[in-house]
Amino acid sequence: MQFRTSLVDRSWRKTSNLANQYIFPSMQAIREGLIWLIPVLMVSAIALFVASLTEFMSESSPDWVKLLYQFQGAVSAFFPYLMTSTISYIVAMQWRLPRAPAILLSLMYLIALTHLVPNEQTVLTFNIIFAILTPLYAIPILAYFANQKYLFLTKTETAGRLVKESLNLVLPALITTLIVLSVNYSIMMGLDSVSWSNLLSIDYANRPLHFGLTFSALNSILWFFGIHGYYALLPLIEFLQEGIALNYTTVLAGGEAAYHMNLSFMGAFVFIGGVAPHFHSSLACCSFAKTKA
């Protein structure tokens, strides 16, 4: 009985040490990295708000409004790289590594992955996930090899401390790069072999409402577990975007729009988040309802 108790105590200590050394610092790095991104996201959101409000009020799209849309789109496209940079900085600080090389290596891993995987849609879907997870395990690996003295290229500071640190990171960075790219590429190719759009048996063309409900449920579930729902469901968003084009073509031909559950609807009532969807839903019901309450 005493042997079993000691075995449980050892297992608990190992689990506790693992959590204190890896899990908790990783969660802290993600949290602080997202906090550092708040100014960037606020600037992007303000640009989108000003462009949308101007377009709505003037019923036209001046050139400067289009530039604001392009600016917001560029920030959104570059968002995974911004996130991996901030997380890499925090993790490198935790492991007492030079910040700049750690950030540049993490960026290199993400850029290399986007060019190595042939399916662009798979890259767009899971790019944000790899942007978060890669520095969490790549930088500790780099720290391990960076502490191995047999991998040092120089031991003197004749040319300066920065030159010494940079040269001594060459071999650890090379080994880490081989490991990280192999792991990330294998995982991404495994994800690429799965047809994610076929996992939903709902046909958007014939059942757009059911598709929208399923999409909203999946989006909320992913956000509940801390996964960016919009990026994770990018293959399905194409159907919602096509709904706008189908409505436009149908109305021009003299018909009636049938795909109300499209990307614009989801953007106004689902993606905006918080209590705002309830406010918009109430406002829409009060404005366009055929029966008065």
Side-chain angles (χ1 to χ4, degrees), residues 30 32-89 103 106-107 110-111 114-115 120-121 123-132 212 215-216 219-220 222-223 227-252 257 259-284 287-288:
I30 295 174
E32 294 185 2
L34 289 174
I35 292 175
W36 282 4
L37 285 175
I38 289 178
V40 177
L41 296 177
M42 290 300 296
V43 170
S44 176
I46 291 173
L48 179 61
F49 175 76
V50 172
S52 302
L53 184 62
T54 303
E55 192 175 33
F56 176 78
M57 298 295 293
S58 62
E59 298 183 356
S60 62
S61 296
D63 292 338
W64 66 272
V65 171
K66 295 179 181 179
L67 287 176
L68 287 179
Y69 279 126
Q70 292 175 1
F71 169 77
Q72 193 275 335
V75 173
S76 298
F78 202 70
F79 181 75
Y81 303 97
L82 297 174
M83 177 171 286
T84 200
S85 299
T86 56
I87 295 176
S88 299
Y89 185 95
I103 294 173
S106 296
L107 289 173
L110 199 60
I111 294 171
T114 59
H115 287 79
E120 184 179 357
Q121 193 62 60
V123 173
L124 290 174
T125 303
F126 298 101
N127 203 23
I128 189 68
I129 298 177
F130 282 89
I132 296 173
F215 183 94
S216 300
N219 182 64
S220 300
L222 289 172
W223 273 111
I227 301 174
H228 200 295
Y230 183 90
Y231 285 102
L233 298 174
L234 273 178
L236 305 181
I237 288 179
E238 287 188 357
F239 295 103
L240 298 171
Q241 194 165 6
E242 289 177 0
I244 300 176
L246 290 173
N247 284 339
Y248 182 74
T249 305
T250 304
V251 172
L252 286 181
Y259 297 98
H260 303 293
M261 189 66 66
N262 51 48
L263 188 58
S264 297
F265 180 90
M266 301 293 284
F269 296 102
V270 177
F271 297 148
I272 197 169
V275 298
H278 303 288
F279 174 75
H280 284 184
S281 300
S282 302
L283 184 63
S287 302
F288 302 104

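Owing to the predicted nature of the structure, the values given are computational and were not obtained by experimental measurement.
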Applying ring-ring contact (aromatic ring centres under 6.0 Å, His included) to Tyr89 and not counting sequence neighbours gives Trp36
Give the table of side-chain donor-acceptor pairs shorter than 3.5 Å for residues 80-87, with sequence neighbours excluded, one pair per line with atom names and distance.
residue : atom : partner : partner atom : Å
Thr84   : OG1  : Ala131  : O            : 3.0
Ser85   : OG   : Tyr81   : O            : 2.7
Thr86   : OG1  : Gly33   : O            : 3.4
Thr86   : OG1  : Leu82   : O            : 3.4
Thr86   : OG1  : Met83   : O            : 2.9

Hits for side chain to side chain contact (heavy atoms under 4.5 Å, CB included) against Tyr69, two or more places apart or cross-chain, chain-then-number order -> Leu48, Ala51, Ser52, Glu55, Val65
Q.
With a 4.5 Å cut-off on side-chain heavy atoms, are Phe130 and Thr114 touching?
A. no
pair Gln70-Leu67: side-chain heavy atoms closer than 4.5 Å: yes
Main-chain N/O of Val40 paired with Ser44 side-chain donor or acceptor, under 3.5 Å
no
query: Would you call Val43 and Phe71 a side-chain contact if the rule is heavy atoms closer than 4.5 Å?
result: yes
Rounding to 0.5 Å, atoms CG (Leu110) and NE2 (His115) come to a distance of 11.0 Å
